[in-house]
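Since the model is a prediction, treat every value here as computed from it, not as a measurement.
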Amino acid sequence: VKRIVIDRGRCTGNGRCYSLFPELFIDDDRGYGEVVGQGMLADQHLDDAQRAVIACPEDAIHVEEA
Amino acid sequence: MARDRAAGWRTVSEHGDVFRAADGTWVLASSDAVHFAHRNPDVFSSALAFGATGVPLPLIPVAVDPPDHLKYRRVLDPMLAPRVVNSMEDDLRAQIRDLVTAFAGKGECDAVRDIARLYPTQVFLTVFGLPLEHRDQLIEWVETMNENSTTGTAAPTATVVEAAMAMLAFMQGYIDEKRSQPADDMLSRVLSLEGEDAWTNEEVLGLTFLITIAGLDTVTGAIGFAMLHLARNPDLRRRMVAEPALIGQVIEEVLRLETPAPTTPRVTTEDVEVCGVHIPAGSPVMLCLATANRGHTRYEHPDDIDLAQSDRGHVTFGGGIHRCLGSHLARREVRLVIEEFQRLIPDYEIKAGFEPEVVWPSATLHLAALPLVFPPVEGAT
């Protein structure tokens, strides 16, 4: 099982993740990204998760083994 | 450059990922080089680059390095977050609707003169809680400053100083007013910080000054470029009518291709190697966001709008700790303009024989004019 994580130290609030993939991310009070729930990835979201990794200008998003 | 940014930026990127320009400035032209600088703000100082602007004010927060920088951004980021912008959307939409309605019945407009120049300043006044009646005066001051700006450490001209002082005096009046009578706006919220968090008057003025010189003509540029590409691309417009959700991708691609603030300055604090090139400490550096946005390795069609690559990201808003504070507001402004313009005027084209040009050379890029023609909208005015 995989999950998606945001490195809070790297996120600067570009907002690409929650704009492009609202099923996986939401915006917080500062406009920074947060994963929805625990970030656990259902199979149908694996492709979107990989695209989110590429879309992040800060390389702050990673997919890892849960 | 004036007519063709693809060709213009190629003359920069063909010198390599990192190179030294004739004036001694080190240019970081590739995506990798720009990203490296964004991730190492201690080595690539923004404070040293913006410290000597000739303005006797701290340009908050761009002219502040870590660790103090975080203090300001923690206060400012929530004020311009997407959910805050959401709360203003109805008001901002009504404002652009009024601007479009004013010319819809005429069958022609200049998208720069009638929308792009006006709307960002209205939005700034709205966000700061200032009366819209000051719009044209504020535009005049800001344009005077931007059109006569000097580069590097050169002293500002008397014209610029005069406009800057007039604008700061204007802002000071409202700072004093909102300090005694706070309202529900961004300026009041900054002024309401207390104790250790409280800002000095110079800090508030510096923030205000930075937002007016960085957040108005850049959005003017972005709006004009969006309308230019849409006017030239009726197929894209038809796709947007069929699938309105595409507008986000269209905006990201326009922002990637047409970078209103194409370069940002830094100064190195230590010796550093970028993409195999050694840059000594104390060197002036220019991050070229516009060329980073057109890298052949990152984008399949670097010089064209391709919605399939809109999720590849871009650095038009910069990156790292100094990433544009107003990006969410800027994106929303562009989206509201496109939505309201095309809702009322779905079919339009550039006036026959007119060749759109950006004002060049210039530190920020925007079109000089964009005359559009369309079937007059009955009963719009």
Is a donor on one side and an acceptor on the other found under 3.5 Å between the side chain of B:H35 and the backbone of A:E58?
no
Measure from the side-chain N and O atoms of B:R323 to the backbone N and O of A:T12, and report whether any donor-acceptor pair falls under 3.5 Å.
yes
Heaviest contributor of heavy-atom pairs below 4.5 Å to chain A, chosen from B:H314, B:E252, B:Q249, is B:E252
Give the member of B:G313, B:G320, B:G319, B:S31 that has the highest number of heavy-atom pairs under 4.5 Å with chain A.
B:G320
For [X] and [Y], work out which heavy atoms get closest and say how close.
X: A:G31; Y: B:P82; result: CA-CD, 3.5 Å
X: B:H328; Y: A:N14; result: CE1-O, 3.8 Å
X: A:D28; Y: B:R83; result: O-NE, 3.6 Å
X: B:R312; Y: A:I54; result: NH1-CG2, 3.4 Å

Cut-off 4.5 Å, heavy atoms of chain B, and the answer for A:L20 is side chain
Which portion of A:D59 sits near chain B, non-hydrogen atoms under 4.5 angstrom
both
Considering residues, nucleotides and ligands other than [X], do more than 12 of their heavy atoms fall under 6.0 Å from its [atom1]?
X: A:E64; atom1: CD; value: yes
X: A:E23; atom1: CD; value: yes
X: A:Q38; atom1: CD; value: no
X: A:R10; atom1: CZ; value: yes

Between A:R16 and B:D311, does any side-chain N to carboxylate O distance fall below 4.0 Å?
no
Which distance, rounded to the nearest 0.5 Å, do you find between the CZ of A:R30 and the CG of B:L76?
10.5 Å
